[in-house]
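Here is the structure we will look at, set down as structure tokens.
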Amino acid sequence: MQSRVMPKPGWNLEYLMWIFTRISGLSLILMAALGVSLGLLMGARTQLDLGTLMRWTFFPNANHVLDSEIPDIYLWSNGFWQVMQILVVVFAATHGFNGLRVVLEDYTSPGFWQSALRFFIFLLWIFFGLVGIYVILGS
Amino acid sequence: MALGRKVRLLAGAKYKGGGPMLAWALHRISGLAIVIFVSLHVLASFLTQQLGSDLGISINIIYESIYFQLAIVFCAIFHGVNGFRIILLDIWPRLVRYQKESTWLEWFVVLPLYTLTAFIMIRRFLAG
């Protein structure tokens, strides 16, 4: 039976990601609250149905509200929302793929395959972060 | 980090962790579901937007169906509220003593929020 290898206390990856997970989680909740509030101020109550408003809340992309009765789409697709979307994508991708790493490390033991999985998750993180930003800037 | 102990699934399921264990398990399941959903959705949007591919459109048609949306809304609401509970318990560690009560309080927030959302979405879906 192999005992757990404790990481050294201090500024290591585990500690940084522990803090980051909390900060990014709180930021994502706050950004969702900001998104839904500004959406309602822009007229979502009469122009969007609830499912559409939920999609907008989770991710403020204009494609999510394209099928609604919005008079001016520019209000929903300008640079402010693009910056907001990039923040959401970067925070959510880092939060999510770090969570995936934590879960996988719970069910694997340290060794070659765990390192390989960690590297694979790192590649996925980079890939989906970049593709996400590309889609935002291209939409 | 793996603890190097072998716990079979059945033995794990018999463990009486109660509310906090259910919250822990659902937090992992909903988190993994959101990672898979969002990644595939980003990929599908990329395929549709840049390549005009039918694959992206068919993935997004599944995602826009009411059944999928009801599931993913639950995952997102639960993960968000439970994550907020975890953050509060981490900031004030003395509250960990009331962990069980905190999960009850959490369901008092999650269930009305989700039931109301699901009710409006289903009513709208049935109305066409």
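Per chain, numbering begins at 1; letters A, B, ... match sequence-line order.
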Those residues of residues 26-52 of chain B, ordered by number, that approach chain A below 4.5 Å (heavy atom to heavy atom): R28(B), L32(B), V35(B), S39(B), H41(B), V42(B), L43(B), S45(B), F46(B), Q49(B), Q50(B)
With chain A as the partner chain, list the residues of residues 54-71 of chain B whose heavy atoms fall under 4.5 Å from it, by residue number, and write 'none' if nothing qualifies. Q69(B)
Between I72(B) and F58(A), does a side chain to side chain contact (heavy atoms under 4.5 Å, CB included) hold up when you go through it step by step? CA-CA 11 Å; I72(B) 208 72; F58(A) 294 141; 5.5 Å; no
Do I23(A) and F91(A) share a hydrophobic cluster (ILVMFWY, side-chain heavy atoms under 4.5 Å, transitive)? no
How about residues 91-120 of chain B versus chain A: which residues have heavy atoms under 4.5 Å apart? T117(B), I120(B)
Between F59(A) and F78(B), is there a shared hydrophobic cluster once you connect ILVMFWY residues whose side-chain heavy atoms come closer than 4.5 Å? no
hydrophobic_cluster_shared for M54(A) and M31(A), side chain cutoff 4.5 Å: no
Does atom CZ of F84(B) have more than 12 heavy-atom neighbours, drawn from other residues, nucleotides or ligands, at distances under 6.0 Å? no
Okay, L26(A) and chain B: the region with an atom under 4.5 Å from a heavy atom over there is both
Are W24(B) and V103(A) in one and the same hydrophobic cluster, where Ile, Leu, Val, Met, Phe, Trp and Tyr link if side-chain heavy atoms are under 4.5 Å apart? yes
For W113(A), I'd like to know if atom CH2 has over 12 heavy atoms of other residues, nucleotides or ligands within 6.0 Å. no
Within residues 119-132 of chain A, residues adjacent to chain B where the heavy-atom gap is under 4.5 Å: F127(A), F128(A), V131(A), G132(A)
Is there a side chain to side chain contact (heavy atoms under 4.5 Å, CB included) between L50(A) and R124(B) once you walk through the steps? CA-CA 9 Å; L50(A) 184 77; R124(B) 214 187 149 82; 5.9 Å; no
Distance from I86(B) atom CD1 to T21(A) atom OG1, nearest 0.5 Å? 10.0 Å
Side-chain heavy atoms nearer than 4.5 Å, only ILVMFWY residues, links allowed to pass through others: does that put L53(A) and V73(B) together? no
